[in-house]
Asks: 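I'd like to ask some things about the structure below.
Just so we're clear, the structure is a prediction, and the values are computed from it rather than from any experiment. Heavy atoms only: backbone and side chains are in, while hydrogens, waters and symmetry mates are out.
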Amino acid sequence: MRLRHKPWAREELDKRPNLVIQNPASFQGKWKDVFEKNQPLHIEVGTGKGQFITNMAIQNPTINFIGVERYESVLLTAMEKAELAGLKNLKFLGQDVKNLNQFFAENEVDRLFINFTDPWPKSRHEKRRLTYKTFLAIYKQVLKKDGEIHFKTDNQGLFEYSLHSMSTFGLSLKNVSLDLHNSAIENNIMTEYEERFSEKGMRIYRLEATYPQ
């Protein structure tokens with residue numbers, strides 16, 4: 001993804017501490033106090049420009065959402081979408097996914113979304129893939145015992161890798177789709193990338209995964 005650098009992004013993000021949480025580690029285990037209502041907590045890692053999580057928050061007012069995005073210029077766009085929608089059940093973290101367990105306590109998250117992450121196709125970059133075993137271990141820490149991972153990608157290689165990585169880690173897979181938009185799965189909310197890829201006729205791969213009890 002080519003990023004257009006916005007030097008003013010950090011300043012704008014800092015102006016909205018009620019929307020972009022500045023000290024997330026201080027809320028570890030207490031995220032219910034950040035939102036107006038104590039509701040299930042869903043997070044998206046690598047939230048990008050925010051189309052997916054904003055629409056999820058609009059359509060699911062009884063769920064609290066947090067989007068995690070380390071690139072400030074991209075996060076600014078996501079924040080502006082949420083601000084325009086006037087959402088009370090959506091917050092953002094300008095943080096790296098690898099530090100997720102520093103911000104969320106054990107068993108605090110109900111669901112985690114991974115959408116169209118960088119596939120890092122070269123073997124030497126395997127450890128950077130968000131479905132690599134070290135990331136799966138972090139997700140396991142923060143997810144509740146019955147929590148789910150929902151994963152979507154347009155990259156067949158990454159999807160096959162993720163199936164193997166998750167299975168090897170011991171996760172149970174369900175609702176696996178090799179062509180999401182021609183499947184029976186309902187209520188799919190698309191990301192910006194997903195819209196672009198599907199318009200080109202590209203397949204979208206999807207799965208849901210849970211950790212062993």
Asks: Say whether E126 and Y161, considering side chains only, have a donor N or O and an acceptor N or O under 3.5 Å apart.
Replies: yes
Asks: Side chains of N182 and D179: donor-acceptor distance under 3.5 Å anywhere?
Replies: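 Result is yes, a qualifying pair exists.
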Asks: Within 45 degrees of the axis of the six-membered ring of F135 and under 6.0 Å from its centre: does R129 put its NZ or CZ there?
Replies: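 Because its charged atom misses either the 6.0 Å distance or the 45° angle limit, R129 does not stack over F135.
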Asks: Taking the six-membered ring for Trp, are W31 and F27 parallel (under 30°), tilted (30 to 60°) or perpendicular (over 60°)?
Replies: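 Taking F27 first and then W31, their aromatic rings sit tilted (interplane angle of 30° to 60°).
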Asks: For I63 and D110, what are the C-alpha separation, side-chain angles and deciding distance, and is it a side-chain contact (heavy atoms from CB on, under 4.5 Å)?
Replies: CA-CA 10 Å; I63 297 172; D110 294 88; over 6 Å; no
Asks: Is the closest basic N to carboxylate O distance between K144 and E108 below 4.0 Å?
Replies: no
Asks: Starting from the C-alpha separation in whole Å, work towards a yes-or-no answer on side-chain contact (heavy atoms from CB on, under 4.5 Å) for E69 and E44.
Replies: CA-CA 9 Å; E69 174 57 58; E44 182 187 20; over 6 Å; no
Asks: Not counting sequence neighbours, which residues clear salt bridge (Lys or Arg N to Asp or Glu O under 4.0 Å) with K140? List them please.
Replies: none
Asks: Strictly by modelled atom types, are K152 and N188 linked by a side-chain donor-acceptor pair under 3.5 Å?
Replies: yes
Asks: Under a 4.5 Å cut-off applied to non-hydrogen side-chain atoms, are F116 and E194 in contact?
Replies: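 Yes, their side chains come closer than 4.5 Å.
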Asks: Is the shortest side-chain N to carboxylate O distance from E208 to R206 below 4.0 Å?
Replies: yes
Asks: What I'd like to find out is whether the side chain of S167 reaches to under 4.5 Å of the side chain of L173, using heavy atoms alone.
Replies: yes
Asks: Find out whether the Lys NZ or Arg CZ of R128 is both under 6.0 angstrom from the six-membered ring centre of W120 and within 45° of the ring's axis.
Replies: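 So R128 does make the cation-pi contact.
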Asks: Heavy atoms, side chains only, cut-off 4.5 Å: are H150 and N115 in contact?
Replies: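 No, too far: nothing below the 4.5 Å cut-off.
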Asks: State, with a plain yes or no, whether a side-chain heavy atom of V68 is found less than 4.5 Å away from one of T47.
Replies: no
Asks: Decide whether Q95 and Q102 meet the rule of one side-chain donor and one side-chain acceptor closer than 3.5 Å.
Replies: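 Side chains of Q95 and Q102: no pair found under 3.5 Å.
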Asks: Is any side-chain heavy atom of L143 less than 4.5 Å from a side-chain heavy atom of N107?
Replies: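 No - every pair of side-chain heavy atoms lies 4.5 Å or more apart.
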Asks: Kindly assign one of parallel, tilted or perpendicular to the pair F151 and F159, based on the angle between their ring planes and the thresholds 30° and 60°.
Replies: parallel
Asks: Over all heavy atoms of both residues, which pair between Y139 and I149 is shortest? Give the atoms and the distance, please.
Replies: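 Minimum heavy-atom separation between Y139 and I149: CD1-CD1, 3.9 Å.
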Asks: Does R111 pair with E148 as a salt bridge, N-O distance under 4.0 Å?
Replies: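 The answer is yes: the pair qualifies as a salt bridge.
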Asks: Tell me, do L19 and F92 make a side-chain contact under 4.5 Å, heavy atoms counted?
Replies: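 In contact.
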